[in-house]
Amino acid sequence: MAQLALKDVTKRFGDVVAVNRINLEVEKGECFSFLGPSGCGKTTTLRMIAGFEDLDEGELSVEGKVFSSSYTRYYLPPEDRDFGMVFQAFAVWPHLNVYRNVSFPLEIRKLPKREIHERVTRALSYTGLSSKEHVFPKQLSGGEQQRIALARAIAINPKVMLLDEPLSNLDPKLREEMRFEIKDLQRKFDLTIIFVTHDQSEAMALSDRMLVMRDGVVQQVDSPLGIYENPVNDFVFSFIGLSNFVPVDIRGGEAFAKGAASAGPLHAAPEGAEGERRLACRPSEIDLLPAGAAEGVKARIERMTYLGDMVDYLASIGEHRVRIQKPRRAGSLAAGTECRLRLNRARWFDA
Amino acid sequence: METLRNKRKFGTAELLLTFSVLVLVVIVAVPVLLIIGTAFFEEGRLNLAAIAKVLGDPDTYMALWNSVKIATGTTIVSTAIGVFFAWLVARTDLPFKRTMKALFLVPFMLPSFIGALAWKILLSPRAGYISKLLMGMFGLEKCPIDIMSIGGIIMVESMYLFPFVFLQVAGALERMDPTLEESARISGARLMTITRKITLPLVMPSILAGALLVALYSLAHFGVPAILGAEKGIYNIPTKIYERIHSSGGSMAGIKVGTILSTILVVTAAIILKLQDVVLKKGQFQIIAGKSMRPTVLKLRGLKVPMLVVCIVYLAVTVVMPTVTIMLVGGLKTYGLPLALKNLSLDNYVQLFRMKLTTDAIWNSLWLSVSAAFVTMLAGTMISYVIVKMKVPGKFLLQFLGVLPFSLPGTVIALGCILTWSGRFGVNLYNSAWIIFVAYIARYMAFSIKSNSAALEQVSDSLEEASRACGATHFQTLKNIVLPLVRPGMISAFFLIFLPALRELTTSVLLYGPKSRTLGVAIYALNEDGETVMAAALATIALLIIFIGETTIRKVLNRLQRQE
Ligand SMILES: Nc1ncnc2c1ncn2[C@@H]1O[C@H](COP(=O)(O)OP(=O)(O)OP(=O)(O)O)[C@@H](O)[C@H]1O
Ligand SMILES: [Mg+2]
């Protein structure tokens with residue numbers, strides 16, 4: 001039985017359909033991310049799971065038990081759901097010290113003093129806050145405050161942990177560190193995690209499976225690699241990783257960049273395809289060949305930028321622009337150089 | 001820095017500093033020093049025995065005690081009302097929240113002494129309209145509610161002071177990061193627990209700040225206790241000071257008692273302000289939401305309509321009823337007649353405009369408030385500029401003098417002005433309107449400095465430096481860069497002074513002469529003389545002037561803001 005199941009879950013705010021018929025099952029111990037651009041309904045979905053928002057349609061159940069249902073108008077209040085939640089703005093209580101922040105949910109549950117002490121100590125040691133027990137949040141850095149929020153959420157052994165962009169207020173280095181720490185905690189406590197983010201690399205690094213949504217509609221649910229390799233549509237393709245799109249005409253089994261047929265074919269067309277399409281590929285999937293090479297499409301380097309170990313090119317095929325990234329040790333081509341491009345992989349979307 | 005670079009000894013900077021210090025010393029420091037000097041010294045020698053004698057006198061001792069009782073009671077009641085309505089408006093799904101929020105600030109517009117007059121008319125033990133109604137209905141000898149008591153004073157003051165708390169707390173609740181409460185909820189806490197353990201502690205600094213403001217105001221307040229208490233022998237410090245000076249005909253003995261009581265007021269006010277500072281500095285948690293978030297609101301469900309009714313009834317009783325009473329009584333032929341149409345006419349109003357006393361009062365209040373507001377605005381801009389922006393030696397003195405006006409109650413300022421401007425230094429303004437003019441400048445300097453400093457702090461130093469770097473002199477920079485940028489602060493300072501000055505009573509009641517009555521004084525005097533009907537009629541005119549003033553000013557400010 002799924003740990004968490006959403007059936008036809010829908011939420012409207014006036015005329016805006018913030019979440020449109022989401023169906024989803026999350027397994028126990030799974031780390032699951034919601035990914036999508038700003039305003040696509042991630043937070044709204046999470047808040048419905050937490051019980052802060054009613055459902056306009058659909059049903060939500062945990063371990064087979066209905067928690068929210070628009071059909072029976074039954075809503076288990078958030079305080080009775082036994083979830084842990086971490087918010088973007090930390091939401092640690094400034095008037096309580098670190099220890100009391102973490103012990104608060106346990107005190108509410110009226111656990112024996114000894115057990116509270118044990119659990120708080122454990123949660124603090126896992127999050128590296130043991131020495132900070134008596135400090136007030138004001139005196140701590142953003143990363144440490146977010147750790148308090150994490151410790152507070154795991155201390156109750158939650159059925160499900162909900163995280164709403166918990167790392168977006170941290171600086172990039174800390175963000176990366178915390179990613180691994182969250183992953184670590186998840187393994188240690190066998191937590192079921194729902195993680196909301198609009199940062200695709202964060203979602204890729206953390207999740208077992210992820211969901212990409214747009215304007216309240218689910219686009220694809222799959223493992224990070226599955227989504228990266230086999231995006232169902234151009235939105236998902238462009239949202240995950242860097243992307244190039246080139247409109248093409250297909251003739252005789254070959255795809256030619258629109259208006260630049262003289263540059264030569266870009267790639268072999270898919271079986272039986274004809275007419276106009278859009279070809280998509282990633283910057284890392286393009287090879288640079290010398291201008292005199294026998295294969296590839298004719299192009300010209302417009303701009304070259306060093307990005308640490310990588311070299312980033314902007315090349316033009318006729319009026320179309322494509323980005324290419326290559327390791328620096330492979331040498332580099334200066335702007336203005338004529339060359340040929342070989343596309344190692346192509347995905348096809350409707351024009 | 002300025003002085004190091006400028007080899008010239010006396011530039012624009014020094015001129016500004018000197019002038020600022022001079023203004024504050026003459027307007028604020030000298031009066032305060034004279035008060036303390038008169039209180040503690042007699043014929044050049046420290047005289048503590050006289051102080052002990054005054055404080056030991058049951059008459060003054062009772063005034064002190066009443067002040068404490070009234071201020072404490074008013075603070076508690078105002079805080080309770082303010083917090084309740086703030087919570088209702090900020091944290092529940094009360095219908096028409098926006099309108100309600102605006103309406104709860106209307107009591108600020110009503111001068112509290114006019115409110116007190118209305119309540120006296122309604123609830124005075126024998127003659128009050130409601131008292132008579134109640135006595136008739138239940139066949140009582142005496143009205144069960146006596147407004148002319150300490151409790152009545154507390155009630156009326158709270159009605160008009162609770163917006164201080166309301167504003168502070170509603171602001172804090174609205175700006176508070178809702179996830180602080182949501183994380184408590186997901187932690188398993190229920191509404192009562194969250195309110196007690198999370199929300200209340202987090203807004204406590206705002207509650208305290210508002211409460212202290214009410215305490216400060218109530219302690220120094222003259223109007224309500226003067227109208228509701230004096231007749232019954234209930235005095236607080238400001239009314240006692242007035243009574244002593246009045247009954248001794250302005251003699252030194254009365255003034256001496258006044259200065260001792262004033263010193264107590266100033267010290268208490270300073271302590272309260274210090275407390276507020278501590279509370280705000282230490283307790284102000286970072287609870288402001290980063291993203292714009294919608295606070296979670298409690299669904300009132302079945303209580304929605306009852307709560308709305310509570311709000312409307314409260315406003316009807318505290319705002320509409322007193323205002324209407326004043327207007328109707330102002331039209332009565334003689335006081336005490338039933339409020340029936342046949343007893344009402346406009347004769348009183350016509351008569352008022354024929355009386356020199358009242359036309360003088362209206363005119364005095366208008367020109368005094370406009371001119372004092374204008375002068376105080378300019379002086380405040382200059383002083384704030386020196387405090388906020390300039391790096392000159394001797395600034396600390398100015399900073400100290402600049403905060404001093406905050407802790408000076410109106411009564412104290414009046415007394416200080418009597419001591420300073422009665423010929424002691426060769427200038428005698430006593431009995432002329434000019435003494436009220438200088439008193440207003442001292443009284444409202446704090447508003448001007450606050451508003452202008454806030455505006456100046458928004459102006460980045462680099463703007464000014466850029467202008468100097470372009471070759472503009474200090475003076476040109478001030479005129480072309482700084483002044484235009486602080487104009488909004490200046491305009492708001494002007495109105496912050498103009499409106500309260502228009503209805504001022506506390507200070508002018510100690511300073512007026514035969515020809516320099518203000519609107520507030522005239523209403524108060526008519527009431528004192530038993531001319532209740534005329535007092536009400538003049539109060540109606542005052543309310544109209546205030547209302548027209550408020551609304552036009554709001555329109556002007558809105559238009560200015562849109563232009564910016
Ligand atoms: N309480 C509300 N009232 C009205 N509209 C709302 C409310 N909450 C969310 N919305 C709207 O619903 C849509 C989805 O919002 P949501 O906060 O779920 O987006 P999100 O994916 O979390 O975005 P972000 O990445 O910016 O946090 C938006 O158009 C938003 O404006
Ligand atoms: Mg969001």
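Below, read A as the first sequence line, B as the second, and so on, with proteins coming before strands; counting in each chain starts at 1.
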Point to revise | Portion of A:Phe83 that has a non-hydrogen atom of chain B nearer than 4.5 angstrom | key: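 Looking at A:Phe83, backbone and side chain both touch chain B.
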**Study point:** Structural part of A:Arg109 lying under 4.5 Å from a heavy atom of chain B
**Key:**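 Contact with chain B: side chain only.
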Taking only Lys NZ, Arg NE, NH1 and NH2, and the carboxylate oxygens of Asp or Glu, determine whether [X] and [Y] approach each other closer than 4.0 Å.
X        : Y        : value
A:Asp54  : A:Arg47  : no
A:Arg119 : A:Glu115 : yes
B:Lys197 : B:Glu181 : no
A:Lys188 : A:Glu181 : no

Review point. Is a side-chain N or O of A:Thr197 found less than 3.5 angstrom from the main chain of A:Asp199, in a donor-acceptor match?
Key: yes
**Study point:** Contact class of B:Thr193 relative to chain A, heavy atoms under 4.5 angstrom
**Key:**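 Answer is side chain: those atoms of B:Thr193 sit under 4.5 Å from chain A.
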Review point. Do you know which of A:Trp93, A:Phe104, A:Phe136 has the most heavy-atom pairs with chain B at a distance under 4.5 angstrom?
Key: A:Trp93
Point to revise | Residue selection (most heavy-atom pairs with chain B, distance under 4.5 Å) from A:Asp80, A:Val86, A:Val92, A:Leu162 | key: A:Asp80
